[in-house]
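All chains are named by letter (A, B, ...) in the order of the sequence lines, taking the proteins before the strands, and each is independently numbered beginning at 1. Values in this document were obtained by computation on a predicted structure and should not be read as measured data.
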Amino acid sequence: MNLRLHDTATREVRDFVPLEEGRAGIYVCGLTVQSEPHVGHVRSAVNFDVLRRWLTASGYDVHFIRNVTDIDDKILAKSAEQGRPWYNLAYAMHAELTKALASINVLPPTYEPGATGTVPEMVELIETLIERGHAYAAEDGSGDVYFDVRSWPSYGELTRQGLDDMEPAEDADPRGKRDPRDFALWKGWKTTEPESAAWPAPWGRGRPGWHIECSAMASKYLGPAFDIHGGGVDLRFPHHENELAQSRAAGKPFASYWMHNAWITTAGEKMSKSLGNSLLVPSVLERVRGIELRFYMVSAHYRSHVEFSFEALDEAATSFRRIENYLERAAALLGEVPANGIWCAEFVAAMDDDLGTPAAVAAIHDVVREGNKLLADGPSDALRGNAASVRAMLGVLGLDPADPGWSDGSSGAEAEQLRGAVDVLITALLEDRAQARADKDWGRADAIRDRIKAAGIEIEDTPSGPKWSI
RNA sequence: GGUGGGUUGGCCGAGAGGCGAGGCAACGGACUGCAAAUCCGUGUACACGGGUUCAAAUCCCGUACCCACCUCCA
């Protein structure tokens with residue numbers, strides 16, 4: 001079976017046919033770097049990271065471009081509020097985003113262009129649109145340039161909306177627009193804005209409109225036609241609709257497939273406020289590990305709305321530990337298990353069916369159950385193959401616990417040393433307990449175990465002796 | 001007004017006409033000195049009302065409720 005993907009433009013799951021055999025170009029709308037990322041923000045990144053990994057695993061040469069919007073109205077407003085330069089805010093928040101994505105093992109894109117670094121290409125694109133009669137400089141002398149939606153008959157094709165059915169924007173200031181639905185390609189500099197937030201252009205200094213940046217960056221790095229364009233559902237309209245219109249109006253075929261991920265929202269209006277900051281990625285990671293947060297996200301289909309709750313998050317973490325425990329016990333028996341095992345047929349079928357990660361995870365659980373049975377019979381090739389298979393499938397989802405991508409500061413040399421020290425101490429206590437057990441002095445044996453437990457360390461008796469874990 | 005999505009067992013979360021995905025929790029059993037972990041077993045879930053069909057969570061019609069988006073900012 002071949003990979004099939006849901007295409008927003010056709011509203012159906014279609015076979016994925018790349019423009020060029022064996023190669024896939026993907027453009028994903030990243031974030032506007034205006035504040036710290038919360039779990040909702042990073043879901044999109046995780047979803048498209050899974051797409052990218054599956055394509056790569058399936059043999060495609062993937063070119064993955066994810067942009068950063070580093071200049072826009074919100075950034076200007078927030079930086080003014082905070083009394084710091086806009087570029088400082090954008091830079092700092094970009095760093096936070098990078099950190100957050102690394103903490104959930106999202107691979108760095110092939111390239112991460114920023115809007116401010118692509119201004120000349122945007123100016124070129126706008127010039128083309130003006131030449132072709134699809135854009136015009138505002139008549140009010142503001143220096144704004146607008147896209148002329150009436151000049152593009154197929155406007156609305158992505159979301160299947162007719163221009164005349166759209167709710168008229170009553171509060172919109174028509175300014176120099178010919179039609180209230182025309183959107184800004186270029187925003188003329190205003191005296192209230194910092195001079196550093198403006199770039200030279202034939203229509204006067206100014207800054208790019210929101211939509212033009214993605215058209216320019218996608219074309220620059222992937223070409224006028226590319227395979228997949230992704231982003232959150234809220235971007236379908238107006239952002240993606242506008243990108244599509246302006247790109248096609250400029251003579252570029254643009255994306256073959258449009259993919260949109262659903263949101264994570266918070267439960268109950270009453271709670272949303274109090275949850276507020278606690279949903280920032282670093283804060284969630286005080287409760288669960290990055291790999292567990294990622295597992296939580298991957299457990300739901302990317303097009304399904306997820307209502308975030310800490311209960312569900314904890315449950316997902318418990319579920320993931322079952323898989324992780326299996327791999328640990330297999331490794332204890334076999335030594336290092338290779339990461340290149342085979343994917344089971346159910347897993348492949350699930351992933352090929354529009355990235356059916358919930359079914360893929362179920363397939364992994366089934367293999368783990370088989371593995372747990374094999375574990376009882378001691379080391380074997382079957383066990384090795386099974387564990388390698390689990391690692392391989394987890395790897396496709398970015399969830400292989402042994403992936404170096406999960407190592408952070410806490411698992412460095414210092415942590416290793418600490419672990420060694422704890423091991424010596426616990427081993428001494430376990431020797432006492434073993435003696436007590438040999439003497440059938442259960443009271444003393446359990447007291448030792450309880451004491452260790454009170455320190456936050458669990459003791460499990462396994463066929464190969466007691467094992468400790470934090 | 002327009003466009004699209006949703007409502008599944010105690011909980012999370014798949015599926016899209018025909019053997020109850022998977023996980024978490026619970027209960028029973030096996031194993032264990034006791035645990036833990038693991039394995040085996042236990043559920044008559046598809047918002048509501050009609051209809052089509054040998055067969056409907058799944059298709060059709062209607063109803064209710066919820067959500068997203070509708071042109072800088074939404």
Side-chain angles (χ1 to χ4, degrees), chain A residues 8 11 32 72-74 76-77 144 146-147 149 155-156 158-169 171-175 177 179-187 190 207-211 232-242 245 260 262-263 265 295-296 298-301 303-309 311-323 325-326 328-329 346 350 353 356-376 436-443 445-446 449-450 453 458-463 466-469:
Chain A
T8 304
R11 294 184 203 173
T32 298
D72 92 319
D73 294 350
K74 280 184 181 169
L76 290 176
D144 293 349
Y146 294 108
F147 183 85
V149 295
Y155 185 79
L158 180 64
T159 52
R160 300 192 188 187
Q161 298 184 87
L163 262 182
D164 297 314
D165 292 330
M166 291 178 194
E167 195 169 68
D171 55 340
D173 173 11
R175 294 181 302 199
K177 291 183 181 179
D179 186 294
R181 283 160 281 243
D182 289 352
F183 56 90
L185 297 171
W186 189 260
K187 300 178 176 188
K190 299 182 188 66
R207 58 190 168 92
W210 177 30
H211 317 297
V233 271
D234 59 321
L235 298 180
R236 282 181 308 195
F237 194 91
H239 191 231
H240 288 342
E241 191 73 74
N242 291 352
H260 292 98
W263 279 135
T265 59
F295 182 78
Y296 174 59
V298 168
S299 298
H301 187 86
R303 284 192 286 120
S304 291
H305 173 106
V306 169
E307 194 151 337
F308 182 90
S309 76
E311 292 71 23
L313 179 64
D314 291 342
E315 194 180 274
T318 304
S319 174
F320 185 72
R321 283 186 206 123
R322 180 182 129 81
I323 298 171
N325 284 342
Y326 161 65
E328 276 170 21
R329 285 183 297 141
E346 291 78 8
D353 183 14
T357 54
V361 167
I364 292 174
H365 276 295
D366 287 340
V367 176
V368 166
R369 186 177 308 107
E370 288 310 306
N372 273 322
K373 284 186 218 170
L374 291 169
L375 213 45
R437 293 180 76 204
D439 299 341
K440 296 204 190 296
D441 184 351
W442 310 124
D446 290 350
R449 186 170 63 192
D450 291 345
K453 187 174 183 176
E458 291 281 350
I459 299 301
E460 285 175 41
D461 291 319
T462 72
K467 200 185 128 216
W468 66 270
S469 59

Rounded off to whole Å, could you give me the [atom1]-to-[atom2] distance for the [X] and [N] pair?
X: R160(A); N: C69(B); atom1: CZ; atom2: C1'; value: 16 Å
X: L76(A); N: C72(B); atom1: CG; atom2: C1'; value: 12 Å
X: H260(A); N: U3(B); atom1: NE2; atom2: P; value: 19 Å
X: H301(A); N: C12(B); atom1: NE2; atom2: C1'; value: 17 Å
X: Y155(A); N: U3(B); atom1: OH; atom2: P; value: 16 Å
X: H305(A); N: G4(B); atom1: NE2; atom2: P; value: 20 Å
X: L158(A); N: G2(B); atom1: CG; atom2: P; value: 20 Å
X: L163(A); N: U71(B); atom1: CG; atom2: C1'; value: 10 Å

Shortest side-chain distance from [X], nucleotide among [options]:
X: D73(A); options: U71(B), U38(B), C72(B); answer: C72(B)
X: R322(A); options: U71(B), G23(B), G33(B); answer: G23(B)
X: S319(A); options: C24(B), U71(B), G33(B); answer: C24(B)
X: Q161(A); options: U71(B), C12(B), U3(B); answer: U3(B)
X: V306(A); options: G13(B), C39(B), C34(B); answer: G13(B)
X: D461(A); options: C34(B), C73(B), C24(B); answer: C34(B)
X: R181(A); options: U71(B), C12(B), A25(B); answer: U71(B)
X: A312(A); options: C73(B), C12(B), U71(B); answer: C12(B)

So, OP1 or OP2 of [N]: does either fall under 4.0 Å of a side-chain N or O from [X]?
X: R236(A); N: U71(B); result: no
X: K373(A); N: C40(B); result: yes
X: R369(A); N: U38(B); result: no
X: R437(A); N: C34(B); result: no
X: S304(A); N: A14(B); result: yes
X: K467(A); N: A36(B); result: no

Original post:
Taking Y326(A) as the fixed residue, which of I364(A), N372(A), V367(A) is the one that meets the side-chain contact (heavy atoms from CB on, under 4.5 Å) rule?
Top reply: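 Going through I364(A), N372(A), V367(A) one by one, the side-chain contact (heavy atoms from CB on, under 4.5 Å) with Y326(A) is satisfied by N372(A) alone.
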Original post:
Taking V233(A) as the fixed residue, which of H305(A), R303(A), H260(A) is the one that meets the side-chain contact (heavy atoms from CB on, under 4.5 Å) rule?
Top reply: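 Of all the options given, the one that passes is H260(A).
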Subject >> Dot-bracket line, read 5' to 3' along RNA chain B, where crossing pairs take [ ] and | marks a partner on another strand, Watson-Crick or G-U under 3.5 Å >> reply: (((((((..(((.....[...))).(((((.......)))))....(((((..]....))))))))))))....
Taking the [atom1] atom in each of [N] and [M], what is the distance between them to the nearest angstrom?
N: U42(B); M: G50(B); atom1: P; result: 33 Å
N: C60(B); M: A16(B); atom1: C1'; result: 15 Å
N: G28(B); M: A21(B); atom1: P; result: 25 Å
N: A57(B); M: C46(B); atom1: P; result: 8 Å
N: G13(B); M: G6(B); atom1: C1'; result: 14 Å
N: C48(B); M: C54(B); atom1: C1'; result: 26 Å
N: A45(B); M: G10(B); atom1: C1'; result: 11 Å
N: G22(B); M: A14(B); atom1: P; result: 15 Å

For a quick check of understanding: with a heavy-atom distance under 4.0 Å over all strands, which category does [X] fall into, base, sugar-phosphate or nothing?
X: R329(A); answer: sugar-phosphate
X: L235(A); answer: nothing
X: D446(A); answer: base
X: W210(A); answer: sugar-phosphate
X: E458(A); answer: nothing

Original post:
Is A21(B) in the syn or the anti form, by the rule that syn lies within 90° of 0?
Top reply: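 Judged by the O4'-C1' to base torsion, A21(B) sits in anti, the angle falling more than 90° away from 0.
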**OP:** Could you tell me whether D446(A) and R449(A) have a side-chain N and a carboxylate O separated by less than 4.0 Å?
**Re:**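 Between R449(A) and D446(A) there is a salt bridge, with a charged N closer than 4.0 Å to a carboxylate O.
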Subject >> Flag side-chain contact, heavy atom, 4.5 Å: K187(A) against D73(A) >> reply: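 The answer is yes, as the side chains (C-beta and beyond) meet within the 4.5 Å cut-off.
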Is the backbone N or O of [Y] less than 3.5 Å from a side-chain atom of [X], with the two atoms forming a donor-acceptor pair by type?
X: Q161(A); Y: G156(A); result: no
X: S319(A); Y: E315(A); result: no
X: N325(A); Y: R322(A); result: no
X: R181(A); Y: V149(A); result: no

For nucleotides 57-59 of chain B, print each protein N/O atom paired with a nucleotide N/O atom at under 3.5 Å, atom names and distance only.
none

Original post:
What distance separates D314(A) CG from Y296(A) OH, expressed to the nearest 0.5 Å?
Top reply: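 Those atoms lie 10.0 Å apart.
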Original post:
Roughly how far apart are H365(A) NE2 and F320(A) CZ, rounded to 0.5 Å?
Top reply: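 One finds 9.5 Å between NE2 of H365(A) and CZ of F320(A).
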**OP:** Could you tell me which non-hydrogen atom of N242(A) sits nearest to which non-hydrogen atom of Y155(A), and how far apart they are?
**Re:**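 For N242(A) versus Y155(A), the nearest heavy atoms are OD1-OH, 2.5 Å.
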Subject >> ring pair (Phe, Tyr, Trp, His ring centres under 6.0 Å) partners of W210(A), counting only residues at least two apart >> reply: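 Once residues adjacent in sequence are excluded, the partners of W210(A) under the ring pair (Phe, Tyr, Trp, His ring centres under 6.0 Å) criterion are H239(A).
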**OP:** Sequence neighbours left out, what passes side-chain hydrogen bond (donor to acceptor under 3.5 Å, both in side chains) with E328(A)? Give chain and number order.
**Re:**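 side-chain hydrogen bond (donor to acceptor under 3.5 Å, both in side chains) list for E328(A), sorted by chain: empty.
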**OP:** Return the residues of residues 358-368 of chain A meeting this criterion: a heavy atom under 4.0 Å from some atom of RNA chain B. Order them by number, or give none.
**Re:**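 RNA chain B contact set from residues 358-368 of chain A: P358(A), A362(A), H365(A), D366(A).
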**OP:** Using only heavy-atom distances, decide whether a donor-acceptor pair under 3.5 angstrom links the side-chain of R321(A) to the base of C24(B).
**Re:**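 In this structure, the two groups form no donor-acceptor pair.
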Original post:
Does the pair R207(A) and W186(A) meet the rule for a side chain to side chain contact (heavy atoms under 4.5 Å, CB included), with working shown?
Top reply: CA-CA 6 Å; R207(A) 58 190 168 92; W186(A) 189 260; 5.6 Å; no
Short heteroatom pairs, N/O only, protein and nucleotides 27-30 of chain B, under 3.5 Å:
none

**OP:** Please lay out, stage by stage, how D182(A) and F147(A) fare under the test side chain to side chain contact (heavy atoms under 4.5 Å, CB included).
**Re:** CA-CA 5 Å; D182(A) 289 352; F147(A) 183 85; 5.8 Å; no
